[in-house]
Number of protein chains: 2
Amino acid sequence: MAPRARLRGLGDNARMRISARADYAVRAALLLAGAEGAEPMKAEAIADAQEIPHKFLEGILNDMRRGGLVVSQRGIRGGYRLARPGAEISVADVVRAVEGPLVSVRGVRPPELAYSGPAESLLPLWVALRANVRHILEGVSLADIAAGRLPDFVHALAQDPAAWSNP
Amino acid sequence: MAPRARLRGLGDNARMRISARADYAVRAALLLAGAEGAEPMKAEAIADAQEIPHKFLEGILNDMRRGGLVVSQRGIRGGYRLARPGAEISVADVVRAVEGPLVSVRGVRPPELAYSGPAESLLPLWVALRANVRHILEGVSLADIAAGRLPDFVHALAQDPAAWSNP
DNA sequence: AAGCTTCCCTACCCTTTTCGTAGGAATTCG
DNA sequence: CGAATTCCTACGAAAAGGGTAGGGAAGCTT
């Protein structure tokens, strides 16, 4: 067991961020996608496999259940299964189930904003940004990731070495 | 399913968010872009024009000065000017000056992450997402917005009516 | 029915971030 | 000098982020 360095505490501030919740949720869903057809998977098994705090994960799985993404079963043979095939669940579905809207500006969704003066064209910019984020996250399914085959338009973006550098 | 109570204004949860700081910063910069060549603009004038709390804005302008985006002048004829022409300052420049990295996952930038099992291809997805956000925010300059002419590839995204709907 | 086991629900806790406000020091102009 | 304006530090309330704890409800298995 490699002692994974969990560096935290230093204020790494970034505004467009994927939270731990969302990251954990997607990873859990990916495990479920890999176990399709088999027995339901227990929260603790998922937590162990992906190194996610298991009580925290329980809450996340619950959100996904409320969002209709997974179905649960209690009791000794209980656990979680995907509610639909992994090919029909997008990453956007998962993120939205545990976090709400994908993109917001000052706490509201872009269409609710009102700008004046030279900032008027700022609104279409935020809308375009959101559309682009949606395009990516809605265009990738759990099955895609589990199979290691991202859609071409995503794969192409990730191929660019510049995409991997931190400026 | 009970819809979560959503207070207006703040308290809305979304993970890829443009903070008030970033939004204010861009709007202030746009005003400065519109006043290029004229006298330096005072923080209070910007605050009034864009309805931004003026002491809060002062701090934001200061961050932009430290980031080399604006230059300031003290005293009775003081104020702020852009350090470079608005056509040479991107929205990404502004956002980064006041908030740091554009995208992070669980507090770190994507290349620092390590995934295992079926989540392995999650990393290229986050990287692609970041590349796309960068592409948009780095591809639009203050002058573009102030002139109301977004680049074609952004304009096209904003044209789609679906981009304006909240699912 | 008893007893596990597992999900489900509520409440709490601590730290960091967010969005500001307040007051004053430093600088520049007239 | 004196007024205006930027610059700096500190403080503060509220929310979000990331968990923990404990127990209730439901479903097997025997």
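In the text below, chain A, chain B and the rest are named by the order of the sequence lines, each starting its count at 1.
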Whole-Å distance separating the CG atom of Asp48(B) from the P atom of dT5(D):
12 Å

Please state whether the base of dG18(D) and the side chain of Lys55(A) form at least one donor-acceptor pair under 3.5 Å?
no

Please report, rounded to the nearest Å, how far the C1' atom of dG18(D) is from the CG atom of Asp23(A).
13 Å

So does Arg66(A) get a side-chain nitrogen or oxygen closer than 4.0 Å to the phosphate oxygens (OP1/OP2) of dC9(C)?
yes

May I ask you to verify if any side-chain N or O of Arg65(B) is less than 4.0 angstrom from the OP1 or OP2 atom of dC8(D)?
yes

Once you apply a heavy-atom cut-off of 4.0 Å, does Lys42(A) come out as touching a base, just sugar-phosphate, or nothing?
sugar-phosphate

Verify the contact: side-chain N or O of Gln73(A) to OP1 or OP2 of dC28(D), cut-off strictly under 4.0 Å; return yes or no.
yes

Evaluate the side chain to side chain contact (heavy atoms under 4.5 Å, CB included) criterion for residues Val98(A) and Tyr24(A): first the C-alpha distance (whole Å), next the side-chain angles of each, then the deciding distance (0.1 Å), finally the verdict.
CA-CA 10 Å; Val98(A) 302; Tyr24(A) 291 162; over 6 Å; no

Basic-acidic side-chain contact under 4.0 Å: Glu39(A), Arg77(A)
yes

Among dT21(C), dT17(C), dC7(D), the one nearest any side-chain atom of Arg17(A) is dT17(C)

Between dA25(D) (C1') and Ile76(A) (CD1): distance, integer Å
16 Å

dG19(D) OP1/OP2 closer than 4.0 Å to side-chain N/O of Tyr24(A)
yes

Under a 4.5 Å cut-off applied to non-hydrogen side-chain atoms, are Leu157(A) and His135(B) in contact?
no

Rounding to an integer number of Å, can you tell me how far Asn62(B) CG sits from dC7(D) P?
5 Å

Working to the nearest 0.5 Å, report the span between CG of Leu150(A) and CG of Leu122(B).
9.0 Å

Atom CD in Gln50(A), atom CG in Leu30(A): separation rounded to 0.5 Å?
7.5 Å

In this structure, how many angstroms lie between the C1' atom of dG18(D) and the CG atom of Leu57(A), rounded?
13 Å

From CG of Asp63(A) across to C1' of dT10(C) the rounded distance in Å is 14 Å

So which one's nearest nucleotide on DNA chain D is more toward 5', Gly75(A) or Tyr80(B)?
Tyr80(B)

For Gly59(B), report the nucleic acid contact type (base, sugar-phosphate, nothing); a contact means any heavy atom under 4.0 Å.
nothing

Whichever of Phe56(A) and Leu61(B) has its nearest DNA chain D nucleotide further upstream toward 5':
Leu61(B)

Does Arg74(B) make a side-chain donor-acceptor contact with the base of dT6(D), cut-off 3.5 Å?
yes

Tell me the interatomic distance from Ile18(B), atom CD1, to dT17(C), atom P, rounded to whole angstroms.
18 Å

Salt bridge or not between Arg17(B) and Glu99(A)? Use side-chain N to carboxylate O under 4.0 Å.
no

Just N and O in the side chain of Ser72(A): are any of them under 4.0 Å from OP1 or OP2 of dC8(C)?
yes

As a test of reading the structure: which of dC29(C), dC7(D), dG20(C) is closest to the side chain of Ala20(B), going by heavy atoms?
dG20(C)

note: His54(A), atom NE2; dA21(D), atom P; distance rounded to Å ~ 11 Å

